[in-house]
Chemist: 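One structure is given below, represented as structure tokens, and several questions about it will come after.
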Amino acid sequence: MIKAFDIRLPTQLSDEKSTIRPMSILTEVNTIDTTTPTSTEPQAINETTISSEIKTTFTSEEIQKLLPHRYPFLLVDKIIDYVPGKKAVGVKNVTINEPHFQGHFPERPLMPGVLIVEAMAQVGGIVLTQMSSVEGGLFVFAGIDKVRFRRQVVPGDQLVMTVELLWVKQRRFGKMQSRAEVDGQLACEGELMFSLVN
């Protein structure tokens, strides 16, 4: 729920009647100030709206600024939801043009399970690389637990991966719960552990 408060501040202080101007404060991020002035008087030139903005989506170009992976091993096309220090939701559009489909399998192309896990890990990397307490390093796999594959992923599918941070220890180790879905059906899930390499 978005709460906007209308605070009225005097524009001049004197014995005369002060002119009142509105200023909006938003209590949540990524919202648009829809408050309209209550008077027809001109607004003060130095009036500002107080709000903070947190980026919640990332394009392919922005992902490449955060992750070291490149083609053919960058397996996240975009981030559609991001909550700092908590979770990210990423999308991978699976196409027949990807090199692994030449051999896996020529008559029946299936996305390899290890690449699904890697794609989920890259979404997790978006969360970890932006944490202020762990800036400046490279996260690598430290373990993979409870991974299960529930559905095949084939060319034409859109893999939607949700990765949630469970914990970070000593600013060097992290554990995440991950799941990948196609058309709302679970394709893969598991726990991914990371270690920070300087």
Side-chain angles (χ1 to χ4, degrees), residues 28-32 51-95 97-100 111-151 153 155-198:
E28 287 197 359
V29 297
N30 293 331
T31 58
I32 299 171
S51 67
S52 60
E53 187 176 322
I54 296 176
K55 188 153 188 58
T56 60
T57 61
F58 296 91
T59 64
S60 179
E61 293 82 14
E62 292 168 325
I63 291 169
Q64 289 182 50
K65 292 177 184 175
L66 297 171
L67 298 180
H69 307 81
R70 295 296 178 265
Y71 176 84
F73 215 67
L74 179 59
L75 301 173
V76 182
D77 295 324
K78 63 182 174 178
I79 298 295
I80 58 173
D81 188 25
Y82 168 70
V83 179
K86 294 187 179 182
K87 80 168 193 171
V89 180
V91 173
K92 161 78 175 133
N93 294 305
V94 181
T95 68
N97 297 330
E98 296 174 49
H100 50 268
M111 184 173 181
V114 294
L115 293 183
I116 296 171
V117 173
E118 173 64 26
M120 292 188 303
Q122 290 179 18
V123 174
I126 296 295
V127 176
L128 293 172
T129 58
Q130 295 188 86
M131 295 177 66
S132 60
S133 61
V134 291
E135 285 181 1
L138 173 67
F139 279 97
V140 296
F141 271 128
I144 304 169
D145 288 333
K146 302 176 188 173
V147 172
R148 297 290 179 264
F149 300 97
R150 309 289 184 192
R151 177 193 192 282
V153 178
D157 285 345
Q158 186 175 69
L159 196 61
V160 178
M161 301 158 288
T162 303
V163 181
E164 297 184 49
L165 183 63
L166 298 175
W167 51 257
V168 173
K169 290 184 180 175
Q170 303 170 358
R171 295 188 223 178
R172 297 196 59 81
F173 302 99
K175 186 172 190 177
M176 304 184 115
Q177 179 64 45
S178 62
R179 64 185 285 123
E181 298 177 343
V182 174
D183 295 328
Q185 297 175 350
L186 182 63
C188 180
E189 64 183 337
E191 294 176 353
L192 310 176
M193 284 154 287
F194 299 88
S195 176
L196 179 64
V197 177
N198 290 329

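The basis for the numbers below is simple: all heavy atoms, side chains too, and nothing from hydrogens, waters or symmetry mates.
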Chemist: Could you walk me through whether Ile116 and Met161 pass the side chain to side chain contact (heavy atoms under 4.5 Å, CB included) test, one step at a time?
Modeler: CA-CA 9 Å; Ile116 296 171; Met161 301 158 288; 6.0 Å; no
Chemist: CD/Gln130 to NZ/Lys55 distance, rounded to the nearest 0.5 angstrom?
Modeler: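 That separation rounds to 9.5 Å.
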Chemist: Does a side-chain heavy-atom distance below 4.5 Å link Gln158 with Asn93?
Modeler: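 They are in contact (side-chain heavy atoms under 4.5 Å apart), so the answer is yes.
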Chemist: If I compare all heavy atoms of Ala119 with all of Val76, which pair ends up nearest, and what's the gap?
Modeler: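 Smallest interatomic distance, heavy atoms only, reads O-CG2, 3.8 Å.
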Chemist: At what distance, to the nearest 0.5 angstrom, does CZ of Phe58 lie from CD1 of Ile126?
Modeler: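 It comes to 6.5 Å.
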Chemist: In the structure I gave you, are the side-chain heavy atoms of Lys78 and Thr57 within less than 4.5 Å of one another anywhere?
Modeler: no
Chemist: Find the distance between CD (Glu189) and OG1 (Thr162) and round it off to the nearest 0.5 Å.
Modeler: 11.5 Å
Chemist: Over all heavy atoms of both residues, which pair between Val123 and Ala88 is shortest? Give the atoms and the distance, please.
Modeler: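 Closest heavy-atom pair between Val123 and Ala88: CG1-O, 3.6 Å.
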Chemist: For Glu181, does its backbone N or O pair with a side-chain atom of Arg150 as donor and acceptor, under 3.5 Å?
Modeler: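 Looks like no, no N/O pair under 3.5 Å.
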Chemist: Taking all heavy atoms of Leu75 and all of Leu115, pick out the closest pair and write down the distance.
Modeler: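 That would be CD1-O, 3.5 Å.
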Chemist: Can you give me the closest heavy-atom contact between Phe139 and Arg172, atom names plus distance?
Modeler: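 Looking at all heavy atoms of both residues, the closest pair is CE2-O, 4.4 Å.
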Chemist: Should Tyr71 and Pro99 count as side-chain neighbours, where that means a heavy-atom distance under 4.5 Å?
Modeler: yes
Chemist: Are Phe194 and Met176 close enough that some pair of their side-chain heavy atoms sits under 4.5 Å apart?
Modeler: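 Yes, close enough: below the 4.5 Å cut-off.
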Chemist: Enter the distance from Lys169:NZ to Phe173:CZ here, rounded to the nearest 0.5 Å.
Modeler: 10.0 Å
Chemist: If you measure from OG1 on Thr95 to CE on Met111, what distance do you get to the nearest 0.5 Å?
Modeler: 10.0 Å
Chemist: Can you tell if the side chain of Val83 reaches within under 4.5 Å of the side chain of Ile54, non-hydrogen atoms only?
Modeler: no
Chemist: Restricting to non-hydrogen atoms, name the atom on Gly125 and the atom on Leu67 that form the minimum distance, rounded to 0.1 Å.
Modeler: C-CD2, 3.9 Å
Chemist: Just jot down the side chain to side chain contact (heavy atoms under 4.5 Å, CB included) partners of Leu166, sequence neighbours excluded, or say none.
Modeler: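 By the side chain to side chain contact (heavy atoms under 4.5 Å, CB included) rule, Leu166 matches Lys175, Gln177.
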Chemist: If you take all heavy atoms of Arg151 and Leu186, which pair is closest and at what distance?
Modeler: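 Where Arg151 meets Leu186 most closely, the heavy atoms are CB-O, 3.5 Å.
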Chemist: Would Leu74 and Ile63 satisfy side chain to side chain contact (heavy atoms under 4.5 Å, CB included), going step by step from the backbone distance to the final call?
Modeler: CA-CA 9 Å; Leu74 179 59; Ile63 291 169; 4.1 Å; yes
Chemist: Out of curiosity, Leu165 CG to Ser178 OG, how far, rounded to the nearest 0.5 Å?
Modeler: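 The CG atom of Leu165 sits 12.0 Å away from the OG atom of Ser178.
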Chemist: Within the 4.5 Å heavy-atom criterion, are Met120 and Leu159 side-chain neighbours or not?
Modeler: no
Chemist: Just wondering, do Arg171 and Leu196 contact through their side chains at under 4.5 Å, heavy atoms?
Modeler: no
Chemist: Any heavy-atom pair between the side chains of Ile144 and Leu192 that's under 4.5 Å?
Modeler: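 Yes - at least one pair of side-chain heavy atoms lies under 4.5 Å apart.
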